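Structure first, commentary second.
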Amino acid sequence: MTVAVVTWNINSVRLRLPMVLDFIQQYQPDVLMLQEIKCTNDQFPTNAFTEAGYPHQAVHGQKGYHGVAIVSKFPLTDISSRVFCEIPESRHVSAVLDLGRGPLTVHNFYIPAGGDEPDPEINPKFKHKLGFLSELTSWFSEPEFQRGHLIAGDFNIAPHENDVWSHKQLLKVVSHTPIETEALNAILNGGHGWTDLVRKHVPFDQKLYSWWSYRSADWENANKGRRLDHIWATADIAEHCIAAEIAKPYRGWADKPSDHVPVIVRFAGV
DNA sequence: ATGGCCGCTGATAGCGGA
């Protein structure tokens, strides 16, 4: 038996509920981390997920924008959320669950997109993004992150050259500027060390994306994507990860897809 | 070559996304 964990920026969970339920049918994930639910806690489709087999839910929404949620087949305890940069937006929720190897803390992040101009002096959104990364760096250096942790979400950064359609053309575009990619890679490689579970299974010389802009008239042929969505784990968890997949077909789901697709990792042996 | 789009709101124009 394997356990599957998914991250997906759903861009309105209410509008996209039929697509999520279709995905659940197809992939049978155990834990689903959703970003940009774009609803308040009481607007979240609790009953639909419960009926689909996911009665355990940690929802941290807000009106209109942002918002994150974890829905799970397994009980969630110690549900918590954290505010970054003293800006009261719903960008993080965490919970503890047991997938058979003892307590696992899972964190769901929605890192700020950062606006257009990659200069913190003139763009407060970019300043927020860098501040968020700085606070993550400090937090992850704490001893609890030595083991038993999985972090996932829309990080809004494509860290490697082959995580974007054109490294050269995106070096000055927010999501792939050196200041962002270096900060994210420093978090990955610093602290107690994380494993990028998707790149554990897909070689770095292979182009890989999880997001395609709505503005591209023909996203599939243009294929100007970026890998913005990530799942990392501490070494003790990562060693049991046996597969990773990006479910690209959901970018073309019906007439109303999200601009992000699900990222799935599987763990062996419960 | 990023933006031609998208979802939300005491909506009907403006914000945020990336």
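Note on naming: letters A, B, ... go to the chains in the order of the sequence lines (proteins, then strands), and numbering restarts at 1 for each one. Keep in mind that what you see is a predicted model, and the values were worked out from it rather than measured.
- Crowding of Lys127(A) atom NZ: a count of heavy atoms from other residues, nucleotides or ligands under 6.0 Å not exceeding 12.
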Using a cut-off of under 3.5 Å, enumerate the N/O to N/O pairs linking the protein to nucleotides 1-3 of chain B.
| from | atom 1 | to | atom 2 | distance (Å) |
| --- | --- | --- | --- | --- |
| dG3(B) | O6 | Arg226(A) | NH2 | 3.3 |

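- In this structure, the OH atom of Tyr214(A) is 10 Å from the C1' atom of dG17(B), given to the nearest Å.
- Within residues 248-262 of chain A, the residues approaching DNA chain B are Lys256(A), His260(A), by heavy-atom distance under 4.0 Å.
- The phosphate of dG10(B) (OP1 or OP2) has a side-chain N or O of Lys63(A) nearer than 4.0 angstrom.
- Because its NZ or CZ atom is not both nearer than 6.0 Å to the ring centre of Tyr209(A) and within 45° of the ring axis, Arg227(A) does not count as a cation-pi partner of that residue.
- Contact annotation: the side chain of Val20(A) approaches that of Trp8(A) to within less than 4.5 Å [non-hydrogen atoms, C-beta and beyond].
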- Task: Determine, stepwise, if the pair His92(A) / His60(A) fulfils ring-ring contact (aromatic ring centres under 6.0 Å, His included).
- Result: CA-CA 8 Å; His92(A) 167 259; His60(A) 185 42; 8.2 Å; no
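- Taking only side-chain nitrogens and oxygens, Asn11(A) never comes nearer than 4.0 Å to OP1 or OP2 of dG7(B).
- For the segment residues 12-20 of chain A, residues with any heavy atom less than 4.0 angstrom from an atom of DNA chain B are, sorted by number, Ser12(A), Arg14(A), Leu15(A), Arg16(A).
- Using a 4.5 Å cut-off on side-chain heavy atoms (C-beta onward), Leu32(A) and Ser72(A) make no contact.
- A side chain to side chain donor-acceptor pair (under 3.5 Å) with Gln35(A) holds for exactly one of Asn156(A), Asp154(A), Thr7(A), Asn11(A); it is Thr7(A).
- For dG17(B), the OP1/OP2 oxygens have no side-chain nitrogen or oxygen of Asn9(A) closer than 4.0 Å.
- Geometrically, Arg251(A) engages Trp219(A) in a cation-pi contact, judged by NZ or CZ lying under 6.0 Å from the ring centre and within 45° of the ring axis.
- Hydrophobic cluster membership for Phe109(A): Phe84(A), Ile111(A), Phe126(A), Leu130(A), Phe132(A), Leu133(A), Leu136(A), Trp139(A), Phe140(A), Phe145(A), Ile151(A), Phe155(A), Ile157(A), Val174(A), Ile179(A), Leu184(A), Ile187(A), Leu188(A), Trp194(A), Trp232(A) (Ile, Leu, Val, Met, Phe, Trp, Tyr linked by side-chain heavy atoms under 4.5 Å, directly or transitively).
- Residue Asp154(A) is in sugar-phosphate contact alone, with no base atom involved, counting any heavy-atom pair closer than 4.0 Å across all strands shown.
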- Message: Applying side-chain hydrogen bond (donor to acceptor under 3.5 Å, both in side chains) to Glu36(A) and Asn9(A), what does each step give before you reach the verdict?
- Response: CA-CA 6 Å; Glu36(A) 284 205 88; Asn9(A) 179 320; 3.0 Å; yes
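- Separation of the P atoms belonging to dG16(B) and dA1(B) is 28 Å when rounded to the nearest angstrom.
- In this structure, the side chains of Leu171(A) and Thr177(A) stay at 4.5 Å or more apart for every pair of heavy atoms.
- For Tyr110(A) and dA18(B), the shortest distance from a side-chain N or O to OP1 or OP2 is below 4.0 Å.
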Atom pairs under 3.5 Å: protein N/O with N/O of nucleotides 13-15 of chain B:
| from | atom 1 | to | atom 2 | distance (Å) |
| --- | --- | --- | --- | --- |
| dC15(B) | O2 | Tyr65(A) | OH | 3.4 |

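- By the 4.5 Å side-chain criterion applied to Ile, Leu, Val, Met, Phe, Trp and Tyr, Val83(A) is assigned to no cluster and stands alone.
- Residue Val261(A) forms a side-chain contact (heavy atoms from CB on, under 4.5 Å) with just one option from Trp212(A), Trp211(A), Trp253(A), and that option is Trp212(A).
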- Given Arg199(A) and Asp163(A), is the side-chain contact (heavy atoms from CB on, under 4.5 Å) satisfied, shown in steps? CA-CA 10 Å; Arg199(A) 282 299 186 190; Asp163(A) 292 339; 2.7 Å; yes
